[in-house]
Each structure stands twice: as structure tokens, then as C-alpha cells.
Amino acid sequence: MTSWQRSGPLRIVLLCCVAVTVCAEASSGGARACWSPSVTSCADCLRRGPQCVWCFQEDFLHGAEQSRRCDLLDNLRRRGCRPEFMEHSDVKVEVDATLSSTQVSPQEISITLRPGSEVSFIVAVKQLERYPVDLYYLVDVSASMQENLDHLKTVGIALSRRMAQHTSNLWLGFGSFVDKPVSPYISVHPSKIDNPC
């Protein structure tokens with residue numbers, strides 16, 4: 001029997017010991033993944049990773065440094081932090097998927113983020129056919145605008161016909177004002193003052 005074959009069982013034992021040591025170190029590193037002496041606030045703690053939790057219970061670890069408040073949930077629970085005093089916000093994206101005839105969807109998105117985390121979402125923008133249009137004319141009806149008023153009568157009708165080609169939901173409104181409601185800027189005849197249009 002060669003020396004290599006005789007040392008075979010010894011090598012297997014040695015490899016098992018190395019594997020156990022590596023696994024133990026990895027698990028202890030995972031257990032201490034959140035703790036660091038530089039962590040002094042809840043935001044610092046949550047930035048360290050999604051598994052990190054901050055205990056804000058006032059009587060937790062009296063006299064210990066602030067960094068001990070940041071740890072894994074099970075570790076904090078084992079050391080006496082009650083669940084209602086643990087901050088471990090998750091990343092949440094809630095999208096209102098209600099279908100509606102709008103140009104931008106979704107209409108509502110609620111996002112909760114941990115400090116330092118980011119999230120992406122898709123917004124769809126489309127031009128709606130027959131989109132509703134409100135058109136409001138505000139017209140100066142003083143005598144100096146008479147030529148424009150005459151022109152507006154013909155343009156207004158043409159514009160409403162043209163808009164009807166693009167939407168079936170058109171609302172037209174008219175309003176009037178006079179900058180200087182005194183003679184000679186307007187006719188002061190009572191019938192004209194009561195109804196300037």
C-alpha cells in the first residue's frame with residue numbers, strides 16, 4: 001500500500017475540518033453583517049442591507065453604543081428588543097392597475113423605500129383618441145376691439161368645426177370683460193351695459 005493510500009482517511013478528516021471552519025466563519029459573518037461601529041442611526045443601519053433591523057426601544061441595551069441597536073431581527077429579539085420597536089421597512093411598490101381612459105397610466109403609485117435603495121417602474125403615455133377638450137374664449141368687448149370681435153365670430157365657428165374632427169367631447173365657453181367701462185371706451189347705452197355681448 002502506498003503512502004498516499006494510507007493517508008487517505010487522514011486527508012478526508014482534514015478536508016472535513018476545513019469545510020466546517022469555513023462554514024462557521026461564513027455563518028458568523030452573516031450574523032454580524034449588520035453590525036458596524038460606524039452605524040449610529042436607523043438610516044445607517046437600514047442602508048447596510050435588506051436583512052438589517054434597527055431597535056429604537058429606549059431601554060434596550062442601557063449604556064451600550066448606538067451601533068448595537070443594528071443587527072439581524074433574530075439577534076435583536078434574542079437580546080430583548082420587542083417586535084413593535086423594530087424598524088425594518090421593506091421596499092414596496094403598489095400600483096393602482098385600474099383601467100381608465102387617461103393619457104398616463106398608472107394614475108397612482110405608492111412606493112416605500114429603505115434608505116439607499118432604489119426601484120424602477122414603467123409609466124405608459126399615450127395620446128387618447130377623441131380626447132375631451134374645453135375651450136374658453138375670454139373677450140375684450142370694448143369698442144377698440146370691434147374689428148377683432150367681428151373676426152372672432154367667423155373664426156369661432158370654423159374652429160369648433162375643425163375641433164369636431166379631433167374630438168366628440170368639445171365644450172366651448174365665452175366670457176367678456178372691459179378694461180375701462182366708461183365712455184368713450186364703451187357704449188354707455190343701458191342696453192349695451194346690461195348685455196355687452
Side-chain angles (χ1 to χ4, degrees), residues 1-136 166-167 169 171:
M1 191 180 259
T2 63
S3 64
W4 181 84
Q5 288 173 331
R6 273 185 261 143
S7 65
L10 182 61
R11 283 187 179 183
I12 292 173
V13 171
L14 184 61
L15 283 174
C16 288
C17 289
V18 170
V20 168
T21 305
V22 168
C23 290
E25 285 180 12
S27 66
S28 69
R32 295 180 56 81
C34 298
W35 182 84
S36 169
S38 64
V39 173
T40 58
S41 69
C42 179
D44 290 344
C45 177
L46 297 182
R47 243 184 242 113
R48 292 191 59 84
Q51 75 279 14
C52 298
V53 179
W54 178 263
C55 179
F56 59 92
Q57 184 176 321
E58 283 187 29
D59 60 349
F60 180 69
L61 299 177
H62 277 302
E65 65 233 28
Q66 286 286 88
S67 61
R68 295 290 176 192
R69 292 181 174 273
C70 183
D71 209 333
L72 299 175
L73 189 135
D74 289 339
N75 294 346
L76 290 174
R77 190 178 293 138
R78 203 170 29 254
R79 289 191 322 224
C81 185
R82 295 197 305 273
E84 64 268 22
F85 293 105
M86 292 184 189
E87 181 63 48
H88 52 95
S89 58
D90 294 324
V91 174
K92 290 182 198 167
V93 179
E94 295 174 8
V95 177
D96 181 6
T98 306
L99 295 174
S100 61
S101 59
T102 59
Q103 287 182 298
V104 179
S105 63
Q107 288 288 297
E108 281 186 39
I109 300 175
S110 174
I111 300 174
T112 304
L113 294 176
R114 293 174 65 97
S117 61
E118 56 186 57
V119 69
S120 297
F121 54 89
I122 296 173
V123 176
V125 180
K126 65 177 180 176
Q127 177 67 46
L128 293 180
E129 294 180 22
R130 317 306 277 172
Y131 192 73
V133 175
D134 292 341
L135 186 59
Y136 185 76
H166 300 284
T167 180
N169 190 352
W171 289 82

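For reference, positions follow the sequence shown, starting with 1. As the structure is a prediction and not an experimental result, all values here were calculated from the model. What's counted below: heavy atoms across the whole structure, side chains too, no hydrogens, waters or symmetry copies.
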- Task: Please examine the side chains of Phe60 and Arg82, heavy atoms only from C-beta on, and report whether any two atoms are closer than 4.5 Å.
- Result: no
- Task: Could you walk me through whether Leu76 and Phe85 pass side chain to side chain contact (heavy atoms under 4.5 Å, CB included), step by step?
- Result: CA-CA 10 Å; Leu76 290 174; Phe85 293 105; over 6 Å; no
- Query: Taking C-beta and beyond as the side chain, do Ser41 and Gln66 meet within less than 4.5 Å on heavy atoms?
  - Reply: no
- Message: Please report the interatomic distance CG(Asn75) to CZ(Arg68), rounded to the nearest 0.5 Å.
- Response: 11.0 Å
- Is a donor on one side and an acceptor on the other found under 3.5 Å between the side chain of Arg69 and the backbone of Gln57? yes
- Message: To the nearest 0.5 Å, what is the distance between CG on Asp71 and CE on Met86?
- Response: 10.0 Å
- Task: Please state whether the sulfur gamma atoms of Cys55 and Cys70 sit closer than 2.5 Å to each other.
- Result: no
- Contact summary for Ile111 and Ile109, nearest pair of heavy atoms: CG1-CG2, 3.6 Å
- Message: Quick check for you: to the nearest 0.5 Å, what is the distance between Leu73 atom CG and Cys81 atom SG?
- Response: 8.5 Å
- Heavy-atom count around Tyr136 OH within 6.0 Å, excluding the residue itself: above 12? yes
- Measure across Pro106 and Val123 and return the closest heavy-atom pair with its distance rounded to 0.1 Å. CD-CA, 4.4 Å
- Query: Any idea which heavy atoms bring Leu46 and Glu87 closest together, and the distance?
  - Reply: CD2-O, 3.5 Å
- Message: With a sphere of 6.0 Å drawn around CD of Glu108, does it hold more than 12 non-hydrogen atoms of other residues, nucleotides or ligands?
- Response: no
- CD/Glu58: more than 12 non-hydrogen atoms of other groups inside 6.0 Å: no
- Note on the structure: In short, Asp44 meets Ser38 closest at the heavy-atom pair OD2-O, 3.9 Å
- Note on the structure: Smallest heavy-atom separation, Cys45 atom then Cys52 atom, equals O-CB, 3.4 Å
